[in-house]
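Here's the structure, in structure tokens; my notes come after.
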Amino acid sequence: MSWCGLAVAAAAAALAAPPEGRSVVLVTTDGLRWQEVFAGADERLINKENGVGEPDEVRKAFWRETPEARREALLPFLWTVVAREGQLYGNRARGSSVRVTNGLNFSYPGYNELLTGAADPRIDSNDKRPNPNVTVLEWLDGREAYRGRVAAFCSWDVFPFIINRERSHVTVNAGFEPVADAGRSDLAMLNRLLGDTTPVETGVRHDSFTFAAALEHVRARQPRVLYLGLGETDEWAHAKRYDRYLEAAHRVDRFLGELWRELQARDGYRGRTSLVVTVDHGRGEGPEWKDHGKKVAASQDIWIAVVGPETPALGEQSGVEPVTQAQVAATVAALLGEDYVAAVPGAAPPIARAVEGKP
Ligand SMILES: [Zn+2]
């Protein structure tokens, strides 16, 4: 390491001590269906009509004979580490349902519901309007133990409004905003590439940048609460590209594994950190897989995965009480040992089984 590198490393170390107590990472991947999470790639969609130019290659990568083998090929971290050590909700084929309750089944209403603990009929568009509601991120950041140690890295540029950055003062980096580079050459390079990259869709940064920025933030600033909001799964679905939708989902799973290993390798995080993974909405069935919204009834069905020291290792859930999207906020807080429901009247309770502690 050069002198300069040493100085930067020392500065970063001085910025943040390892977290004391519990930490939590919440990850969303926009509109990834429960159908792929629990059954893997859908054979009926691996064809030209659904934008797959090379069906044989996609089958080779993701098609297997059984749903169990298919889902593990697509999402190996979820189906090895989380399935063994944590819990997965939302396989309707096995009597586990997770539902969006806002009735609209699109992004801002969904993120509002999962981050605040309640659906709000006032949130009825994806417009860049500051959220009148307080998210669990803002609530935590307002508490002494978490102040300045809550951060959100998001692909979609509406998140500064959903989290109400101006009011909440939560660290939010979203869309094609540059990341704070503090003179670091690697982050300056990341910003250069960001500035030189053409968006696929206006307002949505590629997940690769979002993840790299979040991982560096964990290394340098050691947040206690990290929110990673990824967006490509939804973009490729709307673009009618089932191959890229699968690829994006597979990459999200790799990001989860990388982040989890990074956290388990670090003092302060090892054995004390929980991970919650979910989505803002589902999508339609069969040929309607590309769409979601009020008119696509099936898009209210979603999924949630949880792993960490407070979560009994019960794996894939079957025949359990229905869960709602609104329960995510209180679950995130409860994994830190915090009672969100007592502080926020009207918020849905945590998923009891996911936060009851290891036996
Ligand atoms: Zn969408």
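Values in this document were obtained by computation on a predicted structure and should not be read as measured data.
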Same apolar cluster (I L V M F W Y, side chains within < 4.5 Å links), [X]/[Y]:
X: Leu193; Y: Val204; answer: no
X: Trp236; Y: Phe106; answer: no
X: Val100; Y: Leu104; answer: no
X: Leu215; Y: Met189; answer: no
X: Val81; Y: Val25; answer: yes

Quick check: closest heavy atoms across [X] and [Y], and the distance to 0.1 Å?
X: Tyr340; Y: Thr116; value: OH-O, 2.8 Å
X: Pro19; Y: Arg224; value: CB-CG, 3.6 Å
X: Arg353; Y: Pro312; value: O-CD, 3.3 Å
X: Asp30; Y: Thr233; value: O-OG1, 2.7 Å
X: Asp124; Y: Arg129; value: OD1-NH1, 4.4 Å
X: Ala305; Y: Leu78; value: CB-CD2, 4.0 Å

- Item | Side chains of Arg205 and Ser155, donor plus acceptor under 3.5 Å | no
Is the shortest side-chain N to carboxylate O distance from [X] to [Y] below 4.0 Å?
X: Arg283; Y: Asp234; value: yes
X: Asp207; Y: Arg251; value: no
X: Arg59; Y: Asp56; value: yes
X: Glu216; Y: Arg221; value: no

Nearest 0.5 Å, please: how far is [atom2] in [Y] from [atom1] in [X]?
X: Asn173; Y: Arg165; atom1: CG; atom2: CZ; result: 8.0 Å
X: Tyr89; Y: Glu321; atom1: OH; atom2: CD; result: 11.0 Å
X: Phe255; Y: Phe77; atom1: CZ; atom2: CZ; result: 14.0 Å
X: Arg71; Y: Asn91; atom1: CZ; atom2: CG; result: 6.5 Å

- According to the interplanar angle, ranging from 0 to 90°, do the rings of Trp34 and Phe38 count as parallel (below 30°), tilted (30 to 60°) or perpendicular (above 60°)? tilted
